[in-house]
Asker: 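Pasting a structure here, questions to come.
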Number of protein chains: 2
Amino acid sequence: MDKKQLILDAALKLFVEYGFHNTPTSKIAKEAGVANGTLFYFYPTKDELVKALYIDIKSRMTACMYENIQTGSSLRDIMKQYYSSSLQWTLAHATEFRFVEQFNTSAYLKQIAAEEVKKHMQPAMDLISKGIKDKVLKPMDVDMLFTLIGGHTFGVNQYLVSKQFSKAKQTQVIEETFEMLWGMIKN
Amino acid sequence: MDKKQLILDAALKLFVEYGFHNTPTSKIAKEAGVANGTLFYFYPTKDELVKALYIDIKSRMTACMYENIQTGSSLRDIMKQYYSSSLQWTLAHATEFRFVEQFNTSAYLKQIAAEEVKKHMQPAMDLISKGIKDKVLKPMDVDMLFTLIGGHTFGVNQYLVSKQFSKAKQTQVIEETFEMLWGMIKN
DNA sequence: GTCTATACACCGATAGAC
DNA sequence: GTCTATCGGTGTATAGAC
């Protein structure tokens with residue numbers, strides 16, 4: 001495995017456990033099994049490392065989520081697939097999710113270009129826009145519907161993470177909460 | 001104004017702007033108009049200061065929120081009051097809210113006793129429990145309904161903060177989204 | 001209680017050999 | 001590309017006068 005990735009993996013683990021500030025680069029290098037100087041060979045500053053990690057995780061999440069979407073289904077079914085995919089992803093990548101959460105509420109977020117952030121939610125926005133235009137979804141401001149769906153998903157994720165459910169029970173919760181969400185947003 | 005509070009105010013402002021780690025105690029003291037040593041007279045460590053600030057804000061938020069609740073109304077109306085109050089509070093205290101968000105996703109959270117965290121959401125939990133028992137709310141796991149409501153509120157808050165609405169428009173959004181929420185959770 | 005002055009640990013980043 | 005060694009800046013926390 002290449003050292004660049006080993007450094008990212010080590011950084012992820014330590015950042016989530018101790019926070020950005022309480023994780024010295026020396027510890028990251030040690031955890032990754034590389035020398036301190038090597039870290040700075042790949043990432044010119046610690047800040048750059050943090051941002052690179054964010055972009056890396058976001059990209060992998062987006063790729064994974066959009067990979068399994070079956071276009072051609074009804075809008076409702078596509079939305080359900082997105083919904084399920086995103087919840088499944090956070091369940092399977094709890095550490096990554098916690099890092100993203102931490103990053104999103106930190107001062108680092110401003111340092112990431114707005115396009116980089118928007119890029120990942122564009123397909124979902126487009127889907128919602130289409131739903132409103134086709135009168136399948138309630139006639140509301142797209143941004144509002146988007147944040148409503150996002151908030152719902154966030155809440156369910158919190159719930160699933162806080163409990164130790166079996167796969168089957170998780171799937172059931174995802175099904176149930178999607179029905180509730182759909183009932184709220186459908187026209 | 002007493003120096004202890006001045007320090008908290010300064011810390012809040014700087015933490016939100018630069019993050020915990022990029023805010024040295026020296027800057028906090030300067031912003032508060034006190035000497036560096038004075039800060040450590042009141043708060044033995046920087047960590048203690050961060051935690052004290054969290055508890056201070058949470059307490060003020062809880063006090064303010066529960067102050068304006070009219071008991072005796074229907075459960076639906078009480079919930080609406082809670083909902084409205086909490087959104088109004090975050091709108092009026094955006095900085096405090098961002099600090100709490102940052103704190104909640106940080107490693108500091110573990111250092112706060114679970115009771116301290118639960119204490120602030122207990123009345124809301126009780127209300128939901130009662131609603132389920134009285135068959136006014138859907139028969140579901142209390143925790144799940146709680147996180148669903150929390151997620152919804154969180155989403156709407158994000159939306160309101162991201163837009164620059166007039167008071168009237170804000171109130172309208174709060175009304176509308178409560179109706180959607182209520183439609184989703186009522187039995 | 002509040003201040004000034006300072007100790008000293010720590011960590012991000014660099015230099016330079018291999 | 002990767003390492004070791006180290007420098008210099010920074011920041012938490014303390015000591016001690018008032």
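Residue numbering restarts at 1 for every chain, and letters A, B, ... go by the order of the sequence lines.
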Asker: Flag yes if more than 12 heavy atoms outside Lys51(B) fall under 6.0 Å of its NZ atom; otherwise flag no.
Answerer: yes
Asker: In whole angstrom, give the distance that lies between atom CG of Asn22(A) and atom C1' of dC10(C).
Answerer: 12 Å
Asker: Do any side-chain nitrogens or oxygens of Thr25(A) fall under 4.0 Å of OP1 or OP2 in dG12(C)?
Answerer: yes
Asker: Among dT14(C), dT4(C), dG1(C), which nucleotide has an atom closest to any side-chain atom of Ala35(B)?
Answerer: dT4(C)
Asker: Taking side chain to side chain contact (heavy atoms under 4.5 Å, CB included) as the criterion, tell me which of Tyr159(A), Trp182(A), Tyr83(A) meets it with Thr177(A).
Answerer: Tyr83(A)
Asker: State whether Lys3(A) places a side-chain N or O below 4.0 Å from either non-bridging phosphate oxygen (OP1 or OP2) of dC3(D).
Answerer: yes
Asker: Roughly how many Å is it from CD1 in Ile28(B) to C1' in dT10(D), rounded to a whole number?
Answerer: 15 Å
Asker: In whole angstrom, give the distance that lies between atom NZ of Lys30(B) and atom C1' of dC3(C).
Answerer: 16 Å
Asker: Rounded to the nearest 0.5 Å, what separation is found between the CD1 atom of Ile57(B) and the CZ atom of Phe97(B)?
Answerer: 11.5 Å
Asker: Do Ile55(A) and Leu109(A) share a hydrophobic cluster, counting only Ile, Leu, Val, Met, Phe, Trp and Tyr and linking them when any side-chain heavy atoms are less than 4.5 Å apart?
Answerer: yes
Asker: Consider the side chain of Val34(B), meaning its heavy atoms from C-beta on, and name the nucleotide among dT12(D), dC11(C), dC3(C) that approaches it most closely.
Answerer: dC3(C)
Asker: Looking at NZ of Lys13(A) and CD of Glu31(A), how far apart are the two atoms once the value is rounded to the nearest 0.5 Å?
Answerer: 4.0 Å
Asker: Between dC11(C), dG1(C), dA13(D), spot the one nearest the side chain of Phe40(B), thanks.
Answerer: dA13(D)
Asker: Please give, in whole Å, the distance from dG1(D) P to Tyr43(A) OH?
Answerer: 12 Å
Asker: Using a cut-off of less than 4.0 Å, is there contact between a side-chain N or O of Thr38(B) and OP1 or OP2 of dC3(C)?
Answerer: yes
Asker: Which residue, Pro44(A) or Lys27(A), contacts DNA chain C at a nucleotide closer to its 5' end, judged by nearest heavy atom?
Answerer: Lys27(A)
Asker: Using atom CG of Leu39(A) as one end and atom P of dT14(C) as the other, report the distance to the nearest whole Å.
Answerer: 12 Å
Asker: What's the NZ-P distance between Lys46(A) and dC10(C), to the nearest Å?
Answerer: 15 Å
Asker: Mind calculating the distance between OH (Tyr41(A)) and C1' (dG1(D)) to the nearest angstrom?
Answerer: 5 Å
Asker: Which whole-number value in Å describes the distance from Asn36(B) CG to dT2(C) P?
Answerer: 14 Å
